[in-house]
Amino acid sequence: MADTIFVLNGPNLNLLGTREPDIYGSDTLDDIAEMLEDRARDLDLTVDLRQSNHEGHLVDWMHEAQARGAKAVLLNAGAFTHTSIALYDCIKSIRTPVIEVHLSNPHAREEFRHLSYVGRAAKGTIAGFGAVSYLLALEAAARL
C-alpha cells in the first residue's frame with residue numbers, strides 16, 4: 001500500500017487560476033492536484049489534496065494525517081502562514097513531518113509576509129516556483 005501525503009491548502013487557494021495570476025500563476029488547484037497525482041504514482045505515493053478557507057479545518061486535517069499514519073503533510077496555509085499560532089502549535093504537536101509550500105516567494109513580497117509561523121515549525125519550506133513548488137515538496141516528502 002502506498003504511503004499517503006496530505007496536501008493541505010488554506011484560504012483563497014480555491015481561486016487559483018483567476019486570483020492574481022501575475023503572482024500565483026494560471027494553474028488551478030485542480031491542475032496542481034492532477035500534476036501531483038501523476039508524480040505521486042511514479043513515487044509509489046498517494047496524495048490526499050484538500051482546501052479550506054477555515055483555519056480549524058487545517059488543524060483537524062493535520063491531526064487526521066497523524067492518526068492515519070501519513071508520511072508527510074504539504075501545507076500551503078495561505079495568509080494563515082503569517083498569522084496562525086494555532087497552525088504553529090499543531091505542527092509542533094504532531095509527529096508527521098510538515099513541509100511548508102508557497103507558490104510565490106513571501107520574502108520577495110510585502111514585509112508582513114516575511115514572518116512565517118508555519119515555517120518556524122515545519123521541517124522545511126519550498127517557495128517561489130509556482131505550481132512546481134508542490135512537486136518539489138512532494139519529492140522532498142518522498143525522501144523523508
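Scope of the values below: all heavy atoms of this structure, side chains included, with no hydrogens, waters or symmetry mates. The residues of the chain are indexed from 1 along the displayed sequence.
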* Asked: Among pairs that include at least one residue of residues 118-129, which meet salt bridge (Lys or Arg N to Asp or Glu O under 4.0 Å), considering only residues two or more places apart or in two chains?
  ->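 Qualifying pairs: none.
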
Item to complete: May I have all residue pairs that pass salt bridge (Lys or Arg N to Asp or Glu O under 4.0 Å) and include part of residues 80-102, sequence neighbours excluded?
Response: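 Those involving residues 80-102 do not exist here.
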
Partners meeting side-chain contact (heavy atoms from CB on, under 4.5 Å) with [X] (sequence neighbours left out):
X	value
Ser52	His54, His57, Trp61
Asp48	Thr4, Phe6, Arg50, Arg68
Glu34	Asp38
Tyr117	Ile85, Tyr88, Leu115

How close do [X] and [Y] get, heavy atom to heavy atom, and via which atoms?
X	Y	result
Ala40	Val47	CB-CG1, 3.9 Å
Pro106	His114	O-CD2, 3.2 Å
Ser133	Phe129	OG-N, 3.0 Å

Report the residues that fulfil side chain to side chain donor-acceptor pair (under 3.5 Å) with [X], sequence neighbours left out, ordered by chain and then residue number.
X	value
Asp31	Thr28
Arg109	Tyr24, Ser104
Thr96	none

Exercise. Go through the steps for Ile5 and Thr46 under the test side-chain contact (heavy atoms from CB on, under 4.5 Å), then give the verdict.
Key: CA-CA 6 Å; Ile5 307 292; Thr46 300; over 6 Å; no

Please table the atom pairs, donor to acceptor, closer than 3.5 Å between any side-chain atom in residues 11-18 and protein atoms at least two apart or in another chain.
from, atom 1, to, atom 2, distance (Å)
Asn14, OD1, Gln51, NE2, 3.3
Thr18, OG1, Leu15, O, 3.0

>> Within the structure provided, determine whether Ile32 and Leu103 are in side-chain contact (heavy-atom separation under 4.5 Å).
In response: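 Touching, per the 4.5 Å side-chain cut-off.
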
Notebook entry, point to check: Can you find a pair of side-chain heavy atoms, one from Val7 and one from Val101, that are under 4.5 Å apart?
Noted result: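 Result no, sub-4.5 Å side-chain heavy-atom pair not found.
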
Do [X] and [Y] share a hydrophobic cluster (ILVMFWY, side-chain heavy atoms under 4.5 Å, transitive)?
X	Y	value
Leu29	Leu75	no
Leu49	Leu135	yes
Met62	Leu74	no

Distance (rounded to the nearest 0.5 Å) between Gln66 CD and Cys90 SG
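If I round to the nearest 0.5 Å, the distance is 8.5 Å.
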
Nearest 0.5 Å, please: how far is CG in Asp30 from CD in Glu37?
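That separation rounds to 9.0 Å.
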
Sort and list the pairs that fulfil side-chain hydrogen bond (donor to acceptor under 3.5 Å, both in side chains) and have at least one residue in residues 72-82, not counting sequence neighbours.
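Residue pairs with at least one partner in residues 72-82: Asn76-Tyr134.
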
Any chance you could lay out the side-chain contact (heavy atoms from CB on, under 4.5 Å) test for Ile99 and Thr125, step after step, and finish with the verdict?
CA-CA 6 Å; Ile99 299 172; Thr125 299; over 6 Å; no

Donor-acceptor list for residues 136-144 side chains, cut-off 3.5 Å, not counting sequence neighbours:
from, atom 1, to, atom 2, distance (Å)
Glu139, OE1, Arg39, NH2, 3.4
Glu139, OE2, Arg39, NE, 2.4
Glu139, OE2, Arg39, NH2, 2.8

| field | Check against side-chain contact (heavy atoms from CB on, under 4.5 Å), Phe80 and Val118 | value | CA-CA 8 Å; Phe80 292 141; Val118 168; over 6 Å; no

